[in-house]
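As C-alpha cells, the structure follows; a few thoughts come after it.
Lettering of chains follows the sequences in order, A, B, ..., and the numbering in each one begins at 1. From a predicted model like this one, the values you see are computed outputs, not experimental measurements.
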2 protein chains.
Amino acid sequence: MAALDRSLISRLLLFQGLTPDEQSEILRDARSSRYAKETAIFEQEAEAHSFFVLIAGHIRVVRTTPDGQQVIARYISEGEIFGVAAALGRTTYPASAIAAVDCVVLAWPNALWPDLAGRFPVFGAATYRTVGTRLQETQTRVVEMSTEQVEQRVAHALLRLANQTGRKTDSGIEIDFPISRQDIAEMTGTTLHTVSRLLSKWEDNGIIVSGRQKVTVKDAHRLVVLAENRDKR
Amino acid sequence: MAALDRSLISRLLLFQGLTPDEQSEILRDARSSRYAKETAIFEQEAEAHSFFVLIAGHIRVVRTTPDGQQVIARYISEGEIFGVAAALGRTTYPASAIAAVDCVVLAWPNALWPDLAGRFPVFGAATYRTVGTRLQETQTRVVEMSTEQVEQRVAHALLRLANQTGRKTDSGIEIDFPISRQDIAEMTGTTLHTVSRLLSKWEDNGIIVSGRQKVTVKDAHRLVVLAENRDKR
DNA sequence: GGAACAATTTGCGCTGGCGCAAACTCAAGA
DNA sequence: TCTTGAGTTTGCGCCAGCGCAAATTGTTCC
C-alpha cells in the first residue's frame with residue numbers, strides 16, 4: 001500500500017496549524033476508500049470502528065425512525081470530519097452516512113483517536129470546534145422546526161445548501177449534487193408534495209430554477225426575505 | 001474565601017475516576033455561586049467566560065429567536081456540566097441558562113479549560129461524552145419534530161422529564177420543579193393551549209395528575225403507548 | 001382578608017399543509 | 001426506438017392544531 005499524499009489534506013481547515021511532517025504522520029494511519037453513489041459509509045446503530053474525513057463528494061447523514069421514516073440530519077461537504085463517535089465516547093453511530101455522489105473518504109480506526117488527539121492538539125480542537133458548530137446548527141434546526149412555517153423552513157434549507165455546497169454558475173448558485181424533492185422534505189419535516197408546490201411557485205416568481213434532482217438559486221436575496229418572513233404570530 | 005469541599009462533587013458522575021486529591025485540585029479553581037429562581041446564569045450571545053456544573057437546582061436552557069419567541073433547548077439537572085462553550089471552541093453562549101428554581105452552581109473560567117482537560121483526561125472525556133449525548137438528544141428531537149404529531153411529542157417530553165428529573169412519590173412520578181404549560185409548549189413546538197387540552201384529557205384518563213406548574217405522571221406505561229403511537233402515516 | 005395578577009381551561013372558527021390519487025416528464029437501458 | 005421506472009407536478013378534500021377570546025382558578029402581596 002502506497003503512502004497517501006499529504007496534498008490530500010494539507011489544504012483542509014481541519015489540518016491547519018499542523019506542520020507538513022505532522023500532516024504526513026497523521027496520514028500514515030489513514031486508509032483511503034471510495035464509495036459509489038448511494039452506498040453507505042456506515043450504518044445507524046452499527047458498532048463505530050472508525051472516524052472519517054471526506055476528501056471528495058457529498059455525504060448525506062440520515063436518521064431512520066423505528067417505523068422507517070427518514071430524516072436527513074445534515075450533508076457533509078469536502079474537507080469535513082464525520083462519524084466522530086470516538087471523540088464523543090460513543091460506541092455506535094447515531095445515524096447512517098450515505099454517499100450522495102461517488103465519494104473518496106479517509107478513515108482512521110477509532111482506537112487511534114485518543115493518541116492522535118493527544119499528539120496533535122490543534123487537530124483535536126478543530127474536531128471539537130466542528131462538533132460545537134454541529135450542535136449549534138442542530139439546535140437552530142429545532143428552533144426553526146418549532147417556530148417557523150414550512151415555507152420558511154424550506155427557504156432556510158435551500159439557502160444553507162446554497163451557502164455550504166453551492167457552485168456559482170452564470171445562472172445562479174447551483175447545488176452541486178443531486179437532491180430530490182423528497183430529500184428536501186426530509187430536511188425540513190414536510191412532504192415532497194409541499195416542497196414541489198413551493199419550488200414551483202418560486203420558479204414562477206423567478207427566485208429559483210429547478211429540475212430533476214437539481215435546484216439553482218437565482219435570487220438568494222428574495223429567498224432570504226421568504227426565510228425571515230416575520231408575518232404570522 | 002474558604003476552599004470548597006470535595007464532597008460537593010465527589011459523588012458526581014462527571015468527576016468519577018479522579019482521585020480525591022485530584023477532585024480537590026479541580027475544585028481549587030472553581031467558584032461557587034447561588035442564583036435565585038428565574039435569574040440568568042448566562043445569556044445567549046454573551047461572551048463566554050466560564051463553564052459550569054450544577055450542584056443544586058434545575059436550569060432551563062432557552063434559545064430566543066430574533067422576533068422574541070422562546071424555545072427550551074433542555075433542562076439541566078444536578079451534577080451536569082453546562083455552558084461548555086470553551087470545550088467546543090466557541091466564544092459566545094448559544095443560549096441562555098435560567099435558574100428554574102434557586103440554584104447552586106460551580107464556575108470555572110474558560111481560560112482554564114485546556115489546562116484542566118489536559119491534566120485530568122477522564123474529566124475531559126466525561127465532558128465530551130456529555131456533549132455527545134446532547135448532540136444525539138438534540139438530533140432525536142429534530143426527528144421527533146419532523147415525524148410525530150403534537151400529542152406524541154408532548155408525551156415524549158413528559159416521559160423524558162419524568163425520567164431525568166422525576167421524583168417518585170406514592171401517587172406517581174412527580175416532576176420536581178415548577179413547569180408551566182407554556183414551558184412544555186416551548187419544549188415541544190406547540191402552544192400552551194394545545195398542551196393544556198392534552199393534559200386535561202390525560203388527567204381525565206387517569207394517566208397524569210397536574211396542577212399549577214406541576215405535573216405528576218401516574219401511568220407512565222400508557223404515556224409510552226401514546227408517545228409511540230404508530231397510527232398515522 | 002381581599003385585590004391584583006399569573007396560570008390554566010375551554011369554546012369556536014379557520015387554515016396550512018397533509019394524505020391520496022392521478023397525470024406527467026425525463027433519463028437510462030434494452 | 002420503445003419501455004420502464006423514478007422523480008415530479010397538481011387537484012381535491014380534510015383535519016390537527018393554531019389564533020383569538022373569555023371565563024375560571026389558584027397565588028401572592030398588600
Rounded to the Å, how far apart are A:Glu186 CD and D:dT8 P? 12 Å

Contact under 4.0 Å: A:Thr190 side-chain N or O vs C:dC18 OP1/OP2: yes

Distance check needed: D:dT8 P versus A:Lys201 NZ, whole Å only. 19 Å

Strictly distance-based, threshold 3.5 Å: is any side-chain N or O of A:Arg222 a donor or acceptor partner for the main-chain N or O of A:Asn205? yes

Is there a side-chain contact between A:Thr194 and the phosphate of C:dC18, meaning an N or O under 4.0 Å from OP1 or OP2? yes

Tell me whether A:Thr133 contacts the main-chain N or O of A:Arg129 through its side chain, where contact means a donor paired with an acceptor under 3.5 Å. yes

Provide, to the nearest angstrom, the distance between the CG atom belonging to B:Leu199 and the P atom belonging to C:dA7. 16 Å

To the nearest Å, how far apart are B:Gln152 CD and D:dA16 C1'? 12 Å

Within the sub-3.5 Å range, which N or O atoms of nucleotides 21-24 of chain C have a protein N or O partner, and how far apart are they?
from   : atom 1 : to       : atom 2 : distance (Å)
C:dA21 : N6     : A:His193 : ND1    : 3.4

With a cut-off of less than 4.0 Å, is there a side-chain N or O of A:Thr191 near OP1 or OP2 of C:dC18? yes

Quick tally for nucleotides 23-28 of chain D: nucleotides whose base has a protein heavy atom under 4.0 Å get B, sugar-phosphate-only ones S, the rest -, giving --BBS-

Under a 3.5 Å distance rule, please check whether B:Arg31 uses its side chain to pair with a backbone N or O of B:Trp108 as donor and acceptor. no

Is there a donor on the side chain of A:Arg197 or the base of C:dG16 sitting less than 3.5 Å from an acceptor on the other? no

Whole angstroms only, please: what is the CD-C1' distance between B:Gln182 and D:dC18? 14 Å

If you compare all heavy atoms of B:Glu47 against all heavy atoms of B:Tyr93, which two are closest, and at what distance to 0.1 Å? O-CE1, 3.7 Å

Taking D:dG17, C:dG16, D:dT9 as options, the one with an atom nearest any side-chain atom of A:Gln149 is C:dG16

May I ask you to decide if B:Ala73's main-chain N or O and B:Arg63's side chain share a donor-acceptor pair within less than 3.5 Å? no

How long is the line joining CD1 of A:Ile179 and P of D:dT8, in whole Å? 10 Å

What is the distance, to the nearest angstrom, from the CD atom on A:Glu148 to the P atom on D:dC18? 16 Å

What is the distance from CD of A:Glu151 to P of C:dG16, rounded to the nearest Å? 11 Å

Considering just the side-chain nitrogens and oxygens of A:Ser200, establish if one lies under 4.0 Å of OP1 or OP2 belonging to D:dT10. yes

Just by modelled atom types, is the A:Ser7 backbone N or O under 3.5 Å from a matching donor or acceptor in the A:Asp5 side chain? yes

Determine the minimum heavy-atom distance between A:Leu12 and A:Gly79, stating which atoms define it. CD2-CA, 3.6 Å

Taking the side chain from A:Arg141 and the backbone from A:Met187, do they hold a donor-acceptor pair closer than 3.5 Å? yes

Would you say A:Glu80's side chain and A:Ser77's backbone share a donor-acceptor pair under 3.5 angstrom? yes

